[in-house]
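Convention: sequence-line order gives letters A, B, ...; per-chain numbering from 1. Keep in mind that the numbers below use all heavy atoms, side chains included, and drop hydrogens, waters and symmetry copies.
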Amino acid sequence: MDPRLVQLAYLLAAVLFILGLKGLTRPRTAVRGNLLGACGLLVAVVVTLFQAGLDYRLIVGGLVVGATIGAVFAIRVQMTAMPQMVALFNGFGGAASTLVAGANLVQTESFSPDVLVATALSGMIGAVTFSGSLIAWGKLKEFRKLDQIKIPAQQIVNGILVFSCIALTVAMANGDGSTMTVVTYWGISTLALILGMTLVVSIGGADMPVVIALLNSYSGLAAAATGFVLSNTVLIISGSLVGASGLILTRIMCVAMNRSLPNVLFGKMGATGSTLDADDVYTDVKSTSADEVAMVLEVASRVVIVPGYGMAVAQAQHTVSDLRKLLVSKQVEVDFAIHPVAGRMPGHMNVLLAEADVPYEALREMDEINPTMEQADVTIVLGANDVVNPLARTDPDSPIAGMPIIDVDKSRTIIVIKRSLSPGFAGIPNPLFAADNALMLFADGRKAIQDIINALNES
Amino acid sequence: MHFLLANEAVKNLVDASTEASTVVSVGPDTVTLLLTVFVLAVFIGVEVITKIPPTLHTPLMSGSNAISGIALVGAVIAAGSGDALLPRVLGCAAVTLATINAVGGFMVTHRMLGMFRRKD
C-alpha cells in the first residue's frame with residue numbers, strides 16, 4: 001500500500017478519535033462518540049494489516065485470543081467492578097507498549113539517540129503502568145494482603161528506582177543497538193515494574209480515583225512514546241489524547257479532595273494533629289428505624305440522596321432506584337448529590353445509578369446542588385462519610401481540612417444509613433452523625449432502603 | 001494531452017523541489033515534526049476533555065483507555081515482520097494485550113453508555 005495512503009488513513013483514525021471524545025461531552029451523543037472511536041481504531045489496524053510483507057500467523061492468533069478475552073470481560077463484568085476492570089485494561093495497554101518497544105529494538109536498524117530515548121521511555125512508562133495497574137486492580141479487588149505490605153523508607157526506594165531508570169536511559173541513548181542496549185532496555189523495564197508496585201502499593205482505597213486516573217494517563221503517554229519509537233503519528237496523537245484525559249481527571253480528583261498530587265501519591269492521610277476523639281463527638285447520636293424514616297419521607301417534598309462507596313459495596317443501587325421511583329410517584333422531588341471522589345473511580349456513582357435506571361438529570365454535581373441543600377427536607381446519606389464531614393469546613397487541623405463537601409448538614413433532616421459509627425478513609429469522627437437534625441439508621445445499605453420502601457408501601 | 005502536459009509539469013516541479021530540499025534542507029526533521037504533532041494533540045485533548053461532564057467520567061476513562069489500545073498498531077508490525085522469533089513472540093503477546101484493552105474497553109463503554117440513555 002502507498003505509504004502516503006497509510007498516513008492519510010492514520011490521520012482519519014486520529015480525527016475519528018477526536019470526534020469520538022467530543023461525542024462524550026453529552027450523554028445523548030456519547031454512544032455514537034464511542035463507536036467513532038472504535039471505528040478509528042479499526043481503520044488504523046486494518047490499514048496496518050495491509051502493509052506489505054507482514055506474516056499474519058502470529059498477528060491473527062493474538063487478535064483472536066485478545067478479542068475473545070476482551071469481549072468476555074466486557075460482557076460479564078458487573079458495574080460495581082468497573083474500577084478493577086479499567087485498572088486491569090490500563091495495565092494491558094501499558095504492557096503492550098513496553099513489549100512493542102522491546103521488540104522493535106531488536107528488529108530495527110536505526111539507533112539514533114532520540115529513538116533510543118523514546119524506546120527507553122516507552123518501556124519505562126509502560127512497565128510502571130502495567131505493574132501499578134495490577135496492584136491497583138488487586139487493591140480494588142480487596143486482596144487484604146496487599147494492604148499489609150509496608151515498604152521501608154519508601155520515598156528513598158522510589159527515588160533510587162527513578163534515578164536508576166533515568167541513568168540507564170542516558171546510557172541507552174548512547175547505545176549502538178548491540179546486545180548491551182537490549183539488556184539495558186529490559187533493565188529499565190524491570191526497574192520500572194518494581195517502581196510501579198512501590199508507588200501504588202501504599203495508596204489507600206479512597207485515593208484510588210486519583211491513582212486510576214493517573215495510570216490511565218500513563219497508558220496514553222506510553223503509547224505516545226511508542227509512537228515516537230515507530231515514527232507513527234496515530235500512536236502519538238491518540239496517546240496524547242489519552243494522556244491529557246487522564247491528567248485532567250487526576251487534577252479534578254485532587255481538587256475535589258483539596259490535596260496535591262504528591263500528597264496523594266506520597267503523603268499519609270490522618271497524619272495531621274487532629275485531637276478530636278470519637279467518644280466526645282458521638283455523645284448525642286440518635287438512632288432511628290426504617291418505619292420512622294418512612295414517616296419522615298411521607299411528609300417531605302424534596303429529598304436528596306448522597307451515595308458513597310458504601311452503596312457500591314452493599315450493591316444498593318437498584319434498591320435506592322426503587323425508592324426514588326416510589327417517592328417520585330408520591331410527588332416527591334428526588335435528587336442524587338454526587339461528590340467527585342465518591343466511589344473508587346471518577347464517575348463511579350453515576351454509572352451505578354445509571355445502571356439502576358436513575359435518569360441522568362437526577363444526578364446532580366456537588367457545586368450544582370450545594371446552594372439548594374437548605375431547601376432539602378430530607379437528605380439520605382448512603383454509604384458516604386468523609387465527603388459529608390463538616391469538619392472539612394470547621395477544623396483547620398483535620399486531614400480533610402478545606403476539602404469541598406456536600407453541605408448535607410444544611411438540610412432539615414438528615415438520615416445516615418451506615419452499619420456502625422466507624423470512621424471513613426480519613427480515619428476521623430464525623431460530627432454530622434451527632435448533629436441535632438441527624439438520625440442514624442444502623443443497617444446494611446440495601447436492606448435498610450428495602451425496609452424503608454416496605455414501610456412506605458404499608459402506610 | 002493537456003492533462004499529460006500538466007502531469008509532466010508537476011513532475012518537473014516535484015523533482016525540482018526534491019532537489020532543492022536535499023540541498024537546502026530547511027524543513028523540520030522527523031523528531032521535531034512528531035513533537036509538534038504530540039504537543040498540538042495534547043492541547044486538543046485538554047480542550048475536548050474539559051468539556052466532558054462528571055456524569056460521563058467513568059465512560060470517558062474506559063473509552064480513552066480503549067483508545068490507548070492503539071499500541072495494537074505497533075504490536076501488529078512487531079508480530080508480523082522480521083525473521084527473528086523472539087521479537088515476533090513479544091509482538092504477538094503485545095497484540096493480545098492491546099486487543100483485550102481495545103475490544104474490551106470499547107465494548108464495556110458501549111454497555112455503560114447504553115445505561116445513560118434517556119429512559120422515557
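In this structure, A:Phe17 CZ and B:Ser68 OG are separated by 10.0 Å, a value rounded to the nearest 0.5 Å. Interatomic distance, A:Ser219 OG to B:Ile70 CD1, rounded to the nearest 0.5 Å: 12.5 Å. To the nearest 0.5 Å, atoms OG (B:Ser64) and CG (A:Asn216) are separated by 4.0 Å. How far CD1 of B:Ile67 is from CG of A:Leu16: 10.0 Å, rounded to the nearest 0.5 Å. In this structure, the separation between CD1 on A:Ile248 and CG on B:Leu60 is 8.5 Å, given to the nearest 0.5 Å. Distance check: A:Phe228 CZ to B:Leu35 CG gives 4.5 Å after rounding to the nearest 0.5 Å.
Counting heavy-atom pairs closer than 4.5 Å to chain B, the top residue among A:Ala223, A:Ala38, A:Pro27 is A:Ala38. In terms of non-hydrogen atom pairs under 4.5 Å with chain A, the most contact-rich of B:Gly63, B:Gly69, B:Gly74 is B:Gly74. The most heavy-atom pairs under 4.5 Å with chain A, out of B:Ile49, B:Thr109, B:Ile100, come from B:Ile100. The greatest number of non-hydrogen atom pairs below 4.5 Å with chain B, out of A:Ser231, A:Ala95, A:Ala101, is found for A:Ser231. Of the listed residues (B:Val48, B:Val46, B:Val31, B:Ile52), the greatest number of heavy-atom pairs within a distance under 4.5 Å of chain A belongs to B:Ile52. Highest contact tally toward chain B, considering only A:Ser238, A:Ser245, A:Gly220, A:Gly93, is held by A:Ser245 [criterion: heavy-atom pairs under 4.5 Å]. The greatest number of non-hydrogen atom pairs below 4.5 Å with chain B, out of A:Met79, A:Arg57, A:His348, is found for A:Met79. Taking chain B as the reference chain and counting heavy-atom pairs below 4.5 Å, the highest number among A:Leu363, A:Ile75, A:Val115, A:Thr226 is found for A:Ile75. Listed options A:Leu88, A:Thr25, A:Leu99, A:Thr68 were ranked by heavy-atom pairs under 4.5 angstrom with chain B; first place goes to A:Thr25. If you tally non-hydrogen atom pairs under 4.5 Å between each of B:Gly45, B:Ala78, B:Ala75 and chain A, the highest count goes to B:Ala78. Contacts with chain A were tallied for B:Ile44, B:Val103, B:Ile77, B:Thr96; B:Thr96 has the most, counting heavy-atom pairs under 4.5 Å. Considering only heavy-atom pairs separated by less than 4.5 Å from chain A, the leading option among B:Ala93, B:Gly104, B:Ala98 is B:Gly104.
Within the 4.5 Å cutoff, the side chain of B:Leu34 has heavy atoms near those of the A:Thr233 side chain. A 4.5 Å side-chain heavy-atom check between A:Asn34 and B:Met112 finds every atom pair outside the cut-off. Here the side chains of A:Val106 and B:Leu86 are not in contact, with every heavy-atom distance at 4.5 Å or above. Using a 4.5 Å heavy-atom threshold, the side chains of B:Phe106 and A:Leu35 count as separate. Considering only heavy atoms from C-beta on, A:Met82 comes within 4.5 Å of B:Val108 through its side chain. Side-chain contact between B:His57 and A:Met345 is absent, with no heavy-atom pair separated by less than 4.5 Å. Side-chain contact check for B:Val95 versus A:Leu58: every heavy-atom pair is 4.5 Å or farther apart.
When heavy atoms are compared at a cutoff of 4.5 Å, B:Thr30 approaches chain A solely by way of its side chain, counted from C-beta outward. With a 4.5 angstrom heavy-atom cutoff, A:Arg76 touches chain B only via backbone atoms. For a residue to count as touching a neighbouring chain, one of its non-hydrogen atoms must lie under 4.5 Å from one of that chain's; by this rule A:Leu230 touches chain B with the side chain only. Of the atoms belonging to A:Arg251, not a single heavy atom falls under 4.5 Å from chain B.
Summarising the local packing, CZ of A:Phe50 is surrounded by 12 or fewer heavy atoms from other residues, nucleotides or ligands at distances under 6.0 Å. Within 6.0 Å of NZ on A:Lys22 lie no more than 12 heavy atoms contributed by other residues, nucleotides or ligands.
A side chain to side chain contact (heavy atoms under 4.5 Å, CB included) with B:Leu72 is found for exactly one of A:Ile59, A:Leu63, A:Leu235, namely A:Leu63.
The minimum heavy-atom distance between B:Val42 and A:Ser240, with the atom names listed, is CG2-CB, 3.5 Å. Annotation for B:Leu113 and A:Ala30: closest pair CD1-O, 3.4 Å, computed over non-hydrogen atoms. Contact detail for B:Pro53 and A:Leu24: the closest heavy-atom pair is CD-O, 4.0 Å. A:Ala74 and B:Met107 make their closest contact through CB-CB, 3.5 Å (heavy atoms, listed as atom of the first residue, atom of the second, distance). Taking all atoms of both residues into account, the shortest heavy-atom contact from B:Ala41 to A:Leu241 is O-CD2, 3.7 Å. Closest approach of B:Ser62 to A:Val86, counting heavy atoms only: CB-CG2, 4.0 Å.
For the residue pair A:Asn350/B:Thr58, the side-chain donor-acceptor check at 3.5 Å is not satisfied.
The backbone N or O of B:Ser81 lies less than 3.5 Å from a partner atom in the side chain of A:Gln107, making a donor-acceptor pair. Under the 3.5 Å distance criterion, the side-chain polar atoms of B:Asn101 are left unmatched by any main-chain donor or acceptor of A:Asn90.
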